[in-house]
Amino acid sequence: ATNPFHANREPRLPPLAAVADETLPADIGLLLSVPNLPAATQPAAKSPRDDEPSLDRPSRLAAALAARLTQPQATLGALAAAVVADVRQQSSGALVPVFASGHGVSDAAWLPGQRARYLESPRPQAGDAAGQHWINASGMVFCWCPPGQFRMGSAEPSRAGLEDAEPVDVSFPRGFWIGKYEVTQREAERLKAGNNRYPYPGRLRPQHGVQHGQTNKLITALQDAERKAGSLPDGWSYGLPTEAEWEYACRAGTATRFGFGDDERQLPRHGNFADKRLRDEEGSWQFADPRSDDGVGRGLAVVGSYAANPWGLHDMHGNVAEWCADRYAPRLVGGVHPLMPGNDKGDQPAHVIRGGAWCSTATSCEAAFRNSEFTGGNSRARDFIGFRLVLRPAP
């Protein structure tokens with residue numbers, strides 16, 4: 001239909017080009033996305049937030065898509081492939097989009113040299129391989145953590161800050177799905193579980209300033225939405241990861257200090273932590289590392305701004321520390337799929353937080369580093385704590 005407000009105006013853009021549909025299945029869907037990479041892997045003078053769209057500056061992905069939509073394309077797949085090539089060329093290879101349809105993932109990848117594989121099912125089931133992706137009905141992306149065993153804790157527990165991380169053996173007879181990203185403010189808003197009072201607002205930044213018990217509101221809303229959509233089978237449930245699940249996912253098959261190795265100088269490529277930029281912006285942060293710059297000072301990065309770990313998970317180091325299901329215990333408990341009851345730290349209940357945050361040192365971002373936060377009646381919300389979700393089958 002003609003827009004009556006524009007009936008007498010000449011169109012500024014040509015009409016959208018036709019895309020042949022005779023080769024497309026009836027249930028075709030398209031996901032076209034590009035991660036924001038850290039400053040170290042982008043062209044000079046570009047921060048991780050520069051590619052966010054704004055009223056006067058669309059993202060490179062949006063601009064490339066808009067341009068290609070005015071040109072004839074044989075198929076939807078050809079359109080997406082052309083957009084991927086445009087963004088890759090315009091960013092000198094720093095930004096590499098990925099697209100997926102009802103028939104799987106193209107040759108594009110989340111990051112150079114890394115290919116995302118998707119479970120093509122409207123309902124969760126056991127994945128085929130570590131790092132396989134699945135998208136639920138609410139649009140949240142999860143990565144598969146397969147059954148297996150690992151050494152939980154630090155190989156050097158005598159180092160400062162790791163005294164409560166004496167290693168133990170843990171096994172998982174069944175796998176689980178874990179959020180590819182920290183839960184975002186947009187996801188919380190969609191589920192009517194946001195607080196609208198974020199110290200660092202941004203729809204694609206992590207939800208934060210949320211207490212441990214307040215995560216239940218979002219989890220309950222998500223489960224209700226997924227059941228209503230027919231995407232949550234009996235016996236499957238969402239929740240916070242246990243401490244063992246979190247570290248297993250963070251390590252992603254590695255046994256090093258971080259999910260990417262032992263060299264903390266590489267941390268700016270993988271997470272938002274206390275670095276030179278924070279120290280320069282806020283002179284009181286004297287403990288911040290003056291040697292590193294992750295592109296963000298005080299505050300949060302957009303989820304997915306940094307390189308993923310080997311299982312496709314982003315921000316396991318830094319950005320926001322993440323709530324776990326466990327109460328804090330002064331010693332790790334090993335065994336089969338453990339959930340640590342432990343003794344409370346102090347006179348009030350305390351739950352485990354993992355992964356470090358934007359205000360954490362490199363050591364506090366290590367895979368084995370443990371911390372806790374009080375969750376009793378006198379506790380307060382923290383601007384450096386958020387969470388991600390797991391989806392697991394019943395035992």
Roughly how far, to the nearest 0.5 Å, is [atom2] of [Y] from [atom1] of [X]?
X	Y	atom1	atom2	result
W236	Q125	CH2	CD	8.0 Å
H212	C324	NE2	SG	8.0 Å
S231	Q223	OG	CD	13.0 Å
S360	L278	OG	CG	10.5 Å
L389	S237	CG	OG	11.0 Å
F384	E373	CZ	CD	5.0 Å

In one Ile/Leu/Val/Met/Phe/Trp/Tyr side-chain cluster, 4.5 Å: [X], [Y]:
X	Y	value
L162	L332	no
V170	W311	yes
W323	V183	yes
W246	F369	no

Plane angle bin for [Y] and [X] - parallel if under 30°, tilted between 30 and 60°, otherwise perpendicular:
X	Y	answer
Y248	F176	tilted
H317	F260	perpendicular
W134	F142	tilted

Give the intermediate values and the outcome of side chain to side chain contact (heavy atoms under 4.5 Å, CB included) for residues I178 and L313.
CA-CA 8 Å; I178 189 167; L313 304 172; 3.7 Å; yes
Please test Y198 against D383 for side-chain hydrogen bond (donor to acceptor under 3.5 Å, both in side chains), starting from the C-alpha separation and ending with a verdict.
CA-CA 8 Å; Y198 299 109; D383 65 3; over 6 Å; no
Can a donor-acceptor pair be found between the side chains of [X] and [Y] at a distance below 3.5 Å?
X	Y	answer
N371	Y328	no
S138	E226	yes
N319	E182	yes

State which residues pass salt bridge (Lys or Arg N to Asp or Glu O under 4.0 Å) with R123; sequence neighbours excluded, sorted by chain then number.
none
So, using salt bridge (Lys or Arg N to Asp or Glu O under 4.0 Å) as the criterion, who are the partners of R251 when residues are at least two apart?
E247
Between [X] and [Y], does at least one N-O distance fall below 4.0 Å, as a salt bridge requires?
X	Y	answer
R370	E163	no
R190	E187	no
D164	R331	no
E322	R354	no
R298	E281	no

The single option from L240, T242, V333 passing side chain to side chain contact (heavy atoms under 4.5 Å, CB included) against D326:
T242
T215, V320, L300, L218 screened by side chain to side chain contact (heavy atoms under 4.5 Å, CB included) with Q207, the one that passes:
L218
Closest non-hydrogen atom pair, [X] against [Y]:
X	Y	result
H351	A325	CD2-O, 3.4 Å
A357	A321	CB-N, 3.6 Å
C365	L267	CB-CD2, 4.3 Å
V302	S305	O-OG, 2.5 Å
A274	C359	CB-C, 3.8 Å
P241	E245	CA-OE1, 3.4 Å

Evaluate the criterion side chain to side chain contact (heavy atoms under 4.5 Å, CB included) for residue pair H314 and V303; output intermediate values, then yes/no.
CA-CA 7 Å; H314 293 270; V303 298; over 6 Å; no
Derivation and outcome, side chain to side chain contact (heavy atoms under 4.5 Å, CB included), residues D294 and F273:
CA-CA 7 Å; D294 58 33; F273 72 112; 3.6 Å; yes
Would you say [X] and [Y] make side-chain contact, with heavy atoms under 4.5 Å?
X	Y	result
R257	E264	yes
M152	E166	no
P147	P173	no
P167	S154	no
L222	M140	yes
Y238	V390	no

Please evaluate residues W285 and W358 with respect to the criterion ring-ring contact (aromatic ring centres under 6.0 Å, His included), reporting the C-alpha separation (whole Å), side-chain torsions for both, the decisive distance (0.1 Å), and the verdict.
CA-CA 12 Å; W285 299 87; W358 61 268; 5.5 Å; yes
Could you tell me whether D263 atom CG has more than 12 heavy atoms of other residues or ligands within 6.0 Å of it?
yes
Check R277, R279, K276 against D293 for a side-chain hydrogen bond (donor to acceptor under 3.5 Å, both in side chains) and give me the one that passes.
R277
For R382 and H208, what are the C-alpha separation, side-chain angles and deciding distance, and is it a side chain to side chain contact (heavy atoms under 4.5 Å, CB included)?
CA-CA 7 Å; R382 302 287 191 176; H208 57 289; over 6 Å; no
